[in-house]
Every structure is written in structure tokens, then in C-alpha cells.
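Worksheet for the structure shown next.
Note: hydrogens, waters and symmetry copies are ignored here, and every other heavy atom, side chains too, is used. Counting starts at 1 for both ligands and their atoms, in listed order.
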Amino acid sequence: MAEREELTWELFGSASRELARMIADSGYEPDLILSIARGGLFVAGALGYALDVKNLHVMNVEFYTGVDQRLDLPVVLPPVPNAVDLAGAKVLVADDVADTGATLKLVRDFCAEHVAEVRCAVVYEKPHSKVSCEYVWRRTDKWINFAWSAQPPVVQRAGQVLDA
Ligand code: 5GP
């Protein structure tokens, strides 16, 4: 059995369409999509087109520093979404994976204070996630190689250590 789950660009194309179909079939019509950067940006973009939602927002959360290597807590990096932009909206939070679910919980709790309704859509959800997402394409307990982060950066930026 493969050690890792592989989400190629091609598979992501059909996964995101199927995820959008689940959301549409459920009758949920989000006013805006809130992506969790960076992996959630791809998901949010694909869902935005498939669901015909143009209002996309970004929340930048850092938690993982490598394969199964995490900070103690997820950290929100600036810019933080403007609560006024989210006020009273039906929000769809989009991310690549709910692993521990700590990142999605943080974002969902942030939204709950401001919005009318919040639901979460992920490509993958792991069995131990503390958040149960309303829309999940596939479940796995393996480490996932995503097409967007499977290869190392093409440049090394000053002050950053690659493959740390
Ligand atoms: P969580 O807060 O649910 O533990 O993890 C959230 C973030 O960690 C994901 O959005 C993703 O960026 C990263 N992450 C967690 N599990 C995996 C994984 O299996 N593969 C990859 N590539 N990233 C992961």
C-alpha cells in the first residue's frame, strides 16, 4: 500500500468539481469563499469558478513546518480579514486538508463571531480531525502530497532555510 496519498493536478481538477457538486447539491449558496492560505487558495479558486462565486477572501494561517512537523498552535499571519467584509454573510471556508483540524477550528471560530453561517469544504479530511467538515472529497489518514507543494521552491529566499 502507498505510504502517501498523491493529489496530482489532474486529480485535483476532478476532485474540485466533485466537491463543488456536493456543495451545490446540498443547496448551500455561499456569499463568499474564505480560503486558508496557502493550500486553500487553489481549492477556493476552483470552487469559486465552479460555484460562480466571485467574492473570495484569504486568511493566512501557519501551522505546519514540514511533514508531520507542527508549531504548538496555528498562527494567523497578516493581513487578517476585515470583519466588516464578512459581516452577516454565508461563508464557505475552503482548505486543502483538515488534519488535526486546528487550523479550520481557528478560522471557523473567527467567522462564527461575525457571519450568518459558516460551512467548511476540504479536499481531504483525516479521521482524527477535531472539525467535521460539511463537504469532504476524500478521507485518508496518510500524509498527502499536494500538486502545489510536492516540489521544492525554485529559489531559496534570503533568511529562509529550505527542507528544514
Ligand atoms: P491542521 O490544522 O488541520 O492540522 O492542518 C492544516 C494545514 O496543515 C493544511 O491546510 C496543510 O497546509 C497542512 N497539512 C496538514 N496535513 C497535511 C498533509 O497530509 N499533507 C500536506 N502537504 N500538508 C498538510
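- The nearest heavy-atom contact from the protein to atom 8 (O) of ligand 1 is Tyr64 CD1, 2.8 Å.
- Between Phe63 and ligand 1, no pair of N/O atoms sits closer than 3.5 Å.
- Distances below 4.0 Å separate heavy atoms of Asp95 from the following atoms of ligand 1: 10 (O).
- Taking the side chain as every heavy atom from C-beta outward, Ile144 and Lys126 approach each other to under 4.5 Å.
- In this structure a side-chain-to-backbone donor-acceptor pair under 3.5 Å is present from Tyr28 to Val91.
- For atom 14 (N) of ligand 1, the closest heavy atom belonging to the protein is Val97 CG1, 3.8 Å.
- With respect to atom 9 (C) of ligand 1, the closest heavy atom belonging to the protein is Asp96 OD1, 3.4 Å.
- Taking only nitrogen or oxygen atoms, main chain and side chain alike, Asn145 does not reach within less than 3.5 Å of ligand 1.
- The shortest heavy-atom distance from Leu104 to ligand 1 is not under 4.0 Å.
- Closest approach of Leu47 and Ala121 over heavy atoms only: CD1-CB, 4.1 Å.
- Any N or O atom pair closer than 3.5 Å counts here, and Gly101 shares at least one such pair with ligand 1.
- Contact annotation: for Lys126 versus ligand 1, heavy atoms closer than 4.0 Å belong to the side chain alone.
- Taking a cut-off of under 4.0 Å to the non-hydrogen atoms of Phe146, the atoms of ligand 1 that pass are 20 (N), 21 (C), 22 (N).
- Screening Leu104, Val97, Val136 against Glu125 for a side-chain contact (heavy atoms from CB on, under 4.5 Å) leaves a single residue, Val136.
- What sits closest to atom 4 (O) of ligand 1 on the protein, heavy atoms only, is Thr100 OG1, 2.6 Å.
- Counting only distance, with no hydrogens or angles, the side chain of Asp31 and the backbone of Lys90 share a donor-acceptor pair below 3.5 Å.
- At the shortest separation from atom 16 (N) of ligand 1 among protein heavy atoms lies Asp99 OD2, 2.7 Å.
- The closest approach between a heavy atom of Ala98 and any atom of ligand 1 is below 4.0 Å.
- Taking hydrophobic clusters as Ile, Leu, Val, Met, Phe, Trp and Tyr residues chained together by side-chain heavy-atom distances below 4.5 Å, Met22 shares a cluster with Leu51.
- Taking each of Val123, Thr103, Val131 in turn, the one with a heavy atom nearest to atom 6 (C) of ligand 1 proves to be Thr103.
- Put simply, the side chain of Ser26 gets close to the backbone of Ile23: a donor and an acceptor are under 3.5 Å apart.
- Among protein heavy atoms, atom 20 (N) of ligand 1 sits closest to Ile144 O, 2.8 Å.
- With respect to atom 21 (C) of ligand 1, the closest heavy atom belonging to the protein is Trp143 CZ2, 3.2 Å.
- Cluster annotation: Leu32 and Val115 are assigned to the same hydrophobic cluster (Ile/Leu/Val/Met/Phe/Trp/Tyr, side-chain heavy-atom contacts under 4.5 Å, transitive).
- Here the side chain of Ser35 pairs no donor or acceptor atom with the backbone of Ala37 at under 3.5 angstrom.
- Relative orientation of the Phe146 and Trp148 rings is parallel, given thresholds of 30° and 60° on the angle between their planes.
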